[in-house]
Number of protein chains: 2
Amino acid sequence: MDEGVRERKKRETRAQISEVATTLFFERGFDAVTVEDVARAAGVSKMTVFNYFLRKEDLLFDRESEGVELLRSVLANRGKKSALVALRDEVRRLVASESVFTTFDHSVLSFWKLVQGSPALRARTRELADEARDSLVPHLERPNADLVAGVIVAGWRAGYRAGLEAARQGRSAKKAAAELERVLDVTLVAARAAMRG
Amino acid sequence: MDEGVRERKKRETRAQISEVATTLFFERGFDAVTVEDVARAAGVSKMTVFNYFLRKEDLLFDRESEGVELLRSVLANRGKKSALVALRDEVRRLVASESVFTTFDHSVLSFWKLVQGSPALRARTRELADEARDSLVPHLERPNADLVAGVIVAGWRAGYRAGLEAARQGRSAKKAAAELERVLDVTLVAARAAMRG
DNA sequence: CAAGAAAAATAGACCCGGTCAAACTTAAAC
DNA sequence: GTTTAAGTTTGACCGGGTCTATTTTTCTTG
């Protein structure tokens, strides 16, 4: 028995809450929805919500940690490549596979707008960025590892912003993705420069 | 009449509150002190505290915006220098003038410890970093300005961490400051690389 | 100097995110 | 079917932060 009734219900409840919450957030904006609103709409108590999600922001960023997970796995299975090259190659692969195009479609633009509209959510993105940086440091060669990790994360954020901005201006998702790739290429150069010292 | 009783009292009250608050924070830790504690100790009401300081964190970071101010003035009066060189020169000047040494003395180490011990304060430092980045962008040459600003801020943060870490390990403030300067030099190289593309 | 305008401080109620303790419900294990 | 443990709920509580109405204080002007 891999999954009893208990486990199943937990998974369902969690998914239910997250889904309901996301819907409400898009309808009314993050700050205008209280946790109790979410709880009521999900047919559950406020405590239960906080039982599944540590912070209110996690209701939205639930699968955002997948990004950190991907980062980790790329660095873990990089063979003889340097961390920098492995990351660059992964980005190229993503852009080539076109799966990244959906990153800059309309739905993600409104997601971005939602995030930008809430101080708490913006703060959470910053926190996630710092976490990514810290988890990156051990995979980089010793001198200046902290700086290099910071540069990479700064580059990722800048690339993301550039892509979203391009998409916001009505350019195609493909062009937006290309913009992301370009900024990341520049970032790679900068990171290498930082690594040499 | 440049300053009536009204202005003077405002200034005094504000200083009083900030001072009392800082003392309490160092005594008991940021999260263990409530705003009402601060208000009571300052002989004032809670509302008055929030009247002078928008957020609780501002009670501690009151003069932290001086840094942003310095940044602004350096960039404004840089003559023909590039923004990057102007910033590098300012850092050199600070380190040479030894005024930066006090940045890594014991009192600032405990300040740092205080900040690191509180999620709210750490979040605020991240917010300040992003604000600094955004205020930097307009002063940089066009292509990749956003990325370059991000690199500079990442470098500044990394340098600061490096200096504090050196100080924490018992090295002299002078050596810690030299460490900061070294990281910033590397950052300059990386930023230049990012600028060229 | 007196009286009213303007600014600032106060008390108090209120909202929301988040935590805690204790009781209750439900599924698991025997 | 009874015990045991996990999960949920309720309700109280705390602290940051906002709002309103009231009072105190300073400034101004006649």
> Looking for any heavy atom pair under 4.0 Å, which part of the strands does A/V49 touch: base, sugar-phosphate only, or nothing?
Replying inline: nothing
> NA contact type, A/S45, heavy-atom cut-off 4.0 Å: base, sugar-phosphate, or nothing?
Replying inline: base
>> Nearest whole Å is fine: how far is D/dG16 P from B/L121 CG?
In response: 12 Å
> Rounded to the nearest Å, what distance is computed from the CG atom of residue B/L59 to the P atom of nucleotide D/dG15?
Replying inline: 16 Å
> Do any side-chain nitrogens or oxygens of B/N51 fall under 4.0 Å of OP1 or OP2 in C/dA9?
Replying inline: yes
>> According to a hydrophobic-cluster definition based on side-chain heavy atoms being under 4.5 Å apart (Ile, Leu, Val, Met, Phe, Trp, Tyr only), do B/V183 and B/V153 belong together?
In response: no
>> OP1 or OP2 of D/dG7 versus the side-chain N and O atoms of A/Y52: is any pair under 4.0 Å?
In response: no
>> Just verifying a value: how many Å separate A/D37 CG and A/E27 CD, rounded to the nearest 0.5 Å?
In response: 11.0 Å
> What nucleotide, of C/dC16, C/dT10, D/dT8, holds the atom closest to the side chain of A/T34?
Replying inline: C/dC16
> Considering only side-chain heavy atoms of A/R55, which listed nucleotide, C/dG18, C/dA9, C/dC16, is closest?
Replying inline: C/dG18
> Once you round it to whole Å, what is the distance between P of C/dA8 and CZ of B/R11?
Replying inline: 14 Å
> What is the distance from NZ of B/K56 to C1' of D/dG17, rounded to the nearest Å?
Replying inline: 12 Å
>> Hydrogens and angles aside, do B/N51 and B/R14 bring a side-chain donor and acceptor to less than 3.5 Å of each other?
In response: no
> Looking at side-chain heavy atoms only, is the closest gap between A/E127 and B/R122 below 4.5 Å?
Replying inline: no
> Contact class for B/V38 vs. all strands (heavy atom < 4.0 Å): base, sugar-phosphate, or nothing?
Replying inline: nothing
> To the nearest angstrom, how far is B/D31 atom CG from D/dG16 atom P?
Replying inline: 9 Å
> Just how far, in rounded Å, is P of D/dG15 from CZ of B/F25?
Replying inline: 13 Å
> Picking from D/dC19, D/dT10, D/dG7, which would you name as closest to the side chain of A/M47?
Replying inline: D/dT10
>> Check the orientation of B/F111 and B/F61. Use parallel for under 30°, tilted for 30 to 60°, and perpendicular for over 60°.
In response: perpendicular
> To the nearest Å, how far apart are B/I17 CD1 and C/dA8 P?
Replying inline: 13 Å
> How close or far is atom P of C/dC16 from atom CZ of A/F50, stated in whole angstroms?
Replying inline: 12 Å
>> Base of D/dG17, side chain of B/K46 - is there a donor-acceptor contact under 3.5 Å?
In response: yes
